[in-house]
> 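The structure's right below; bear with me while I get my questions together.
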Amino acid sequence: MNGRRAAIPGVTLTTVTPNEYVREVLPETQPLWGGPRDFARYEADFRAVAQSAYGRSRPFTVGMRDAGRLVVSCKLYDREMRWGTKTLRATGIGAVFTIPAHRGRGFASAMLGALLDEERVAGRDIAFLYSDIHPAFYERLGFIRLPSRNLTLRAASLDGSHSGAAPLGPRDWPGLRRCFEELDGQRPWTLARTPLVWEWLRRMWSSPPPASVQRVQLVVRHKREIVTYVIGRRVLREDSFVVDDFAFAGDAGRARLSAVLRAAAGDLRRVSAWLPPPIARDALPRGSVRVRRDGIFMVAPLSAAARAWWKSEKDEILGARSDATWAADHV
Ligand SMILES: CC(C)(COP(=O)(O)OP(=O)(O)OC[C@H]1O[C@@H](n2cnc3c(N)ncnc32)[C@H](O)[C@@H]1OP(=O)(O)O)[C@@H](O)C(=O)NCCC(=O)NCCS
């Protein structure tokens, strides 16, 4: 049992089918998480993930019913955590939601408590989430809060020389993946990106953006290999280029990063990114670093292996000048 929670008599955790989720949850969450999307688009985005191989690799949505009504729900993402030569089974939890009339009655706590128990019994090692609310709520359930910061760079402070970047093409994904893995493989631990995770990311980054947002996806090649890439969005209203993902391979790739970010920003004044893991942080200018109010990374070790991971990595993670996960790990 993780932290404090109380079961609610007669209420148990159940799988929620995509159709049930579309009917019972999406109309409630659209005002909160739909952004500029209309309902059809919000639904289509949900179904795209739910019906992907990734979304079908385990029950994607779960929840609890009270008198037949689905009152609390969340999404589950199947991930692997690589730690040296070990692989820990990780469960990402997203979109925790209680319908307004049922809030404050323990439903979200009961759902998460039951979920952590089930995951542990099923042999999962660790649960993680990115909190958009005060982390105290999840801390009560046994989650630990990890440093989560935002980095803002002035575009003018970036390398203004010719970047040599070209738009990412449909055939570039294997090369892009190699580039990422060369960098990420140097980390002592990471949330591994399996082919299914890449497929999910690619789908997300390929969906048409809202009207005031432009997607920018650039790659730099050196001897035909992709050595730098930047994926993100020009958010015109915020005068910012928001970085969704980037990586570089070797010195040649690292040397191009600043210029590619500048090219990606175009005429916008700022580049904003989640503070990336240490191996990537040092390739970026210092910029201005602020604690994030949302997307706060939290973990709940469930097994002895995950507790050993936390004991071994804790000091490094909590004391680092950079964060533990990539923006693309956000669920
Ligand atoms: C957060 C949420 C899921 C809680 O659901 P719930 O069923 O009311 O939760 P519980 O009844 O188990 O627990 C209630 C606790 O949540 C806490 N809580 C609610 N909103 C919170 C917030 N923004 N920050 C921190 N804690 C919060 C309350 O303080 C309460 O604790 P208390 O009773 O000890 O004071 C619900 O408020 C919700 O759906 N909010 C909108 C969606 C959202 O923000 N989800 C979280 C995404 S990370």
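Just so it is clear, the structure is predicted and the values come from calculations on it, not from any experiment. Numbering of ligands and ligand atoms starts at 1, following listing order.
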> Taking all non-hydrogen atoms of both residues into account, name the closest pair between M64 and F107 and its distance.
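Looks like SD-O, 4.3 Å.
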> Nearest to atom 30 (C) of ligand 1, what protein heavy atom do you find, and at what distance?
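Going by distance alone, atom 30 (C) of ligand 1 is nearest to R140 NH2, 4.0 Å.
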> Just do the ring-ring contact (aromatic ring centres under 6.0 Å, His included) check on Y229 and F246 with the steps written out, would you?
CA-CA 5 Å; Y229 74 85; F246 72 95; 7.9 Å; no
> Number the atoms of ligand 1 from 1 as they appear, then name those within less than 4.0 Å of a heavy atom of R105, with their elements.
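Within the 4.0 Å cut-off of R105, ligand 1 contributes 11 (O).
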> Among all protein heavy atoms, pick out the one at the shortest distance from atom 4 (C) of ligand 1; state its residue, atom name and that distance to 0.1 Å.
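Atom 4 (C) of ligand 1 sits closest to the protein heavy atom A108 CB, 3.8 Å.
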> Quick one: closest heavy-atom pair of I226 and C179, and the distance?
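Scanning both residues, the minimum pair turns out to be O-CB, 3.6 Å.
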> Between R37 and E43, does at least one N-O distance fall below 4.0 Å, as a salt bridge requires?
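No.
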> Hey, are E28 and R69 close enough for a salt bridge, meaning a charged N less than 4.0 Å from a carboxylate O?
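Salt bridge present between E28 and R69.
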> Measure from atom 10 (P) of ligand 1 to every heavy atom in G106, S131, P135 and give the option owning the shortest one.
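Selected option, by shortest heavy-atom distance: G106.
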> Is the positively charged end of R103 above the ring of F97, judged by distance under 6.0 angstrom from the centroid and angle within 45° of the axis?
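Ring-cation test returns yes.
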> Taking only heavy atoms of F97, which atoms of ligand 1 are found under 4.0 Å from at least one of them?
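Checking each atom against F97, I get 39 (O), 42 (C).
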> Which atoms of ligand 1 are found less than 4.0 Å from any heavy atom of G104?
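Going through ligand 1 atom by atom, the ones under 4.0 Å from G104 are 6 (P), 8 (O), 11 (O).
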> Taking the six-membered ring of W274 as reference, does the NZ or CZ atom of R149 fall below 6.0 Å from its centre and within a 45° cone about the axis?
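No cation-pi geometry.
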> How about atom 33 (O) of ligand 1: does it have a protein heavy atom within less than 4.0 Å?
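Within 4.0 Å of atom 33 (O) of ligand 1, no protein heavy atoms are found.
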> Quick one: does V72 get a heavy atom under 4.0 Å from ligand 1?
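No; V72 lies far enough from ligand 1 that no heavy-atom distance drops under 4.0 Å.
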> What are the atoms of ligand 1, with element, lying closer than 4.0 Å to any heavy atom of S109?
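Contacts of ligand 1 toward S109, numbered from 1: 10 (P), 12 (O), 13 (O).
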> Nearest protein heavy atom to atom 19 (C) of ligand 1: under 4.0 Å?
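Protein heavy atom within 4.0 Å of atom 19 (C) of ligand 1: absent.
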> May I ask whether atom 44 (O) of ligand 1 is less than 4.0 Å from at least one protein heavy atom?
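Looking at atom 44 (O) of ligand 1, one finds that a protein heavy atom does lie closer than 4.0 Å.
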> Please state which protein non-hydrogen atom is closest to atom 16 (O) of ligand 1 and give its distance, to 0.1 Å?
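The closest heavy atom on the protein side is F137 CD1, 3.3 Å.
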> Please state which protein non-hydrogen atom is closest to atom 38 (C) of ligand 1 and give its distance, to 0.1 Å?
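Of every protein heavy atom, R103 NE, 3.4 Å lies nearest to atom 38 (C) of ligand 1.
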> Give the cluster check for L284 versus I279: same hydrophobic cluster or not, with ILVMFWY residues linked at side-chain heavy-atom distances below 4.5 Å.
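Shared cluster, yes.
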> How does L32 reach ligand 1, by side chain, by backbone, by both or by neither, if only non-hydrogen atoms under 4.0 Å count?
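For L32, only side-chain atoms sit under 4.0 Å from ligand 1.
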> Would you verify whether the NZ or CZ of R256 falls within 45 degrees of the ring axis of F248 while also being under 6.0 Å from that six-membered ring's centre?
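R256 over F248 ring: no.
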